[in-house]
S.K.: 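Encoded as structure tokens, here's the structure I'll be asking about.
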Amino acid sequence: MAVVLKHKYFCDKCTKSRYGDISFCSFDKQRDYTNHLCIAKHKRNCELIEKNENSILCKVCNEKFSVEGYEAHKKRNERLWTLKKYIGNNYLTCNRFQWEEGGKLFASMGDLIENRNNPVVSATA
């Protein structure tokens, strides 16, 4: 049985094309994500977004995105934004689905919630 890796690090500023489909960059390893932040393409995209008058500012993470990038960002983080309104967790922020520093990092807010609600995990936590 093949292991399916879920990406846990996301760049909603840079697109990638694979088999004709365009999506935003995501990585399963922090090292790869950190390297991505240093490449010229990412830096150029950040500069273009910053200069674009149509860019959208996320009120949670204070990052600017293109319209398309913000839609991807919003789709991935909307559940997190709703949850942040009701709990006082300052560590939870956009694209980082983790309850606390050093805790397990999840691929989505749904995965994090499912794990926290799992009675086996709750009993051992």
Side-chain angles (χ1 to χ4, degrees):
M1 185 169 151
V3 175
V4 177
L5 293 175
K6 289 187 176 183
H7 290 179
K8 298 176 183 173
Y9 302 93
F10 306 95
C11 177
D12 296 325
K13 298 182 182 201
C14 298
T15 58
K16 63 180 178 180
S17 179
R18 188 171 189 175
Y19 308 117
D21 293 331
I22 295 176
S23 62
F24 285 86
C25 292
S26 60
F27 308 88
D28 60 330
K29 294 182 180 143
Q30 184 176 13
R31 176 194 68 223
D32 295 339
Y33 174 70
T34 302
N35 288 341
H36 167 78
L37 297 178
C38 298
I39 65 171
K41 175 187 172 188
H42 175 79
K43 291 179 180 181
R44 187 174 50 252
N45 284 342
C46 289
E47 289 173 10
L48 291 171
I49 289 168
E50 203 57 44
K51 292 177 185 176
N52 188 337
E53 63 186 37
N54 294 323
S55 63
I56 300 172
L57 177 69
C58 174
K59 294 176 184 174
V60 176
C61 66
N62 292 319
E63 291 282 332
K64 281 188 176 181
F65 301 95
S66 66
V67 174
E68 299 83 9
Y70 184 76
E71 285 304 312
H73 186 73
K74 179 181 175 184
K75 184 177 178 182
R76 185 178 310 106
N77 290 289
E78 212 160 19
R79 289 180 80 183
L80 180 140
W81 297 343
T82 302
L83 184 65
K84 277 186 74 72
K85 290 179 187 177
Y86 299 105
I87 65 168
N89 186 323
N90 292 329
Y91 191 73
L92 261 180
T93 193
C94 297
N95 290 343
R96 186 177 64 213
F97 306 107
Q98 188 175 28
W99 282 113
E100 66 221 356
E101 188 171 2
K104 182 175 180 179
L105 184 64
F106 293 89
S108 70
M109 194 64 203
D111 288 352
L112 183 138
I113 290 169
E114 285 175 18
N115 184 274
R116 295 281 295 187
N117 290 335
N118 182 333
V120 174
V121 174
S122 300
T124 60

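If you're wondering where the values come from, they're calculated on a predicted model, not measured in any experiment.
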S.K.: Identify each donor-acceptor pair in which a side-chain atom of residues 51-60 lies under 3.5 Å from a protein atom, sequence neighbours left out, and give them as a table.
M.R.:
residue : atom : partner : partner atom : Å
N52     : OD1  : N54     : N            : 2.7
S55     : OG   : I49     : O            : 3.2
S55     : OG   : N52     : O            : 2.9

S.K.: Could you tell me whether Q30 atom CD has more than 12 heavy atoms of other residues or ligands within 6.0 Å of it?
M.R.: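 12 or below, so no.
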
S.K.: Name all residues meeting the side-chain contact (heavy atoms from CB on, under 4.5 Å) criterion together with I39; count only those two or more places apart in sequence or in a different chain, and write none if there are none.
M.R.: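 Only H36, K41, H42 meet the side-chain contact (heavy atoms from CB on, under 4.5 Å) criterion with I39.
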
S.K.: Looking at SG of C46 and NZ of K13, how far apart are the two atoms once the value is rounded to the nearest 0.5 Å?
M.R.: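 The distance works out to 4.0 Å.
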
S.K.: Would you call F24 and F65 a side-chain contact if the rule is heavy atoms closer than 4.5 Å?
M.R.: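 Heavy-atom side-chain distance check fails, nothing below 4.5 Å.
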
S.K.: Please report the shortest heavy-atom distance between S26 and K16, naming the atom on each side.
M.R.: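 Between these two residues, the closest heavy atoms are OG-NZ, 3.9 Å.
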
S.K.: Considering residues at least two apart in sequence or located in another chain, which fulfil the salt bridge (charged side-chain N to carboxylate O under 4.0 Å, His left out) criterion with E101?
M.R.: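 Partners of E101 under the salt bridge (charged side-chain N to carboxylate O under 4.0 Å, His left out) test: none.
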
S.K.: Tell me, do E63 and C94 make a side-chain contact under 4.5 Å, heavy atoms counted?
M.R.: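 No. Closest side-chain heavy atoms not under 4.5 Å.
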
S.K.: Considering only heavy atoms from C-beta outward, does the side chain of Q98 approach that of K104 to under 4.5 Å?
M.R.: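 The answer is no; the side chains never approach within 4.5 Å.
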
S.K.: Any donor and acceptor pair, going by atom type alone, linking the side chain of R79 with main-chain N or O of I113 inside 3.5 Å?
M.R.: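 No, the answer is negative, given that no donor and acceptor are paired below the 3.5 Å cut-off.
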
S.K.: Taking transitive links into account, so neighbours of neighbours count too, which hydrophobic residues share a cluster with Y9 at under 4.5 Å side-chain distance?
M.R.: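 Other cluster members: F27, Y33, L37, L105.
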
S.K.: Would a 4.5 Å heavy-atom cut-off, applied to side chains only, mark F97 and R76 as touching?
M.R.: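 The answer is yes; the side chains approach within 4.5 Å.
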
S.K.: I need the S108 OG to K75 NZ distance, nearest 0.5 Å.
M.R.: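 Here the rounded value is 12.0 Å.
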
S.K.: With a 4.5 Å heavy-atom cut-off, do K8 and F106 have their side chains touching?
M.R.: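 SC-SC contact between K8 and F106 ruled out.
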
S.K.: For the atom pair CG (L112) and CG (L80), what is the distance rounded to the nearest 0.5 Å?
M.R.: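 Rounded to the nearest 0.5 Å, the CG-CG separation comes to 8.5 Å.
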
S.K.: Mind checking what makes salt bridge (charged side-chain N to carboxylate O under 4.0 Å, His left out) contact with D111, not counting sequence neighbours?
M.R.: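 With sequence neighbours excluded, D111 shows a salt bridge (charged side-chain N to carboxylate O under 4.0 Å, His left out) to K6, given in chain and number order.
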
S.K.: Answer yes or no: is there a side-chain heavy-atom contact under 4.5 Å between D12 and Y70?
M.R.: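 SC-SC contact between D12 and Y70 ruled out.
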
S.K.: Give, for atom OG of S66 and atom CD of E71, the distance between the pair rounded to the nearest 0.5 Å.
M.R.: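 The OG atom of S66 sits 9.5 Å away from the CD atom of E71.
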
S.K.: Atom NZ of residue position K74 - does it have more than 12 heavy atoms of other residues, nucleotides or ligands inside 6.0 Å?
M.R.: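 No - once you tally the heavy atoms of other residues, nucleotides and ligands closer than 6.0 Å, there are 12 at most.
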
S.K.: Can you name the one residue among L83, T82, N77 that meets side-chain contact (heavy atoms from CB on, under 4.5 Å) with M109?
M.R.: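 One option only clears the test, and that one is L83.
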
S.K.: Taking side chain to side chain donor-acceptor pair (under 3.5 Å) as the definition, give me every residue that meets it alongside T93, ordered by chain and number, with sequence neighbours left out.
M.R.: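 By the side chain to side chain donor-acceptor pair (under 3.5 Å) rule, T93 matches no residue at all.
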
S.K.: Using the rule that Ile, Leu, Val, Met, Phe, Trp and Tyr join whenever any side-chain heavy atoms are under 4.5 Å apart, tell me whether F10 and V67 fall into a single cluster.
M.R.: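 Linked within one cluster.
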
S.K.: Please lay out, stage by stage, how L92 and I87 fare under the test side-chain contact (heavy atoms from CB on, under 4.5 Å).
M.R.: CA-CA 10 Å; L92 261 180; I87 65 168; 4.0 Å; yes

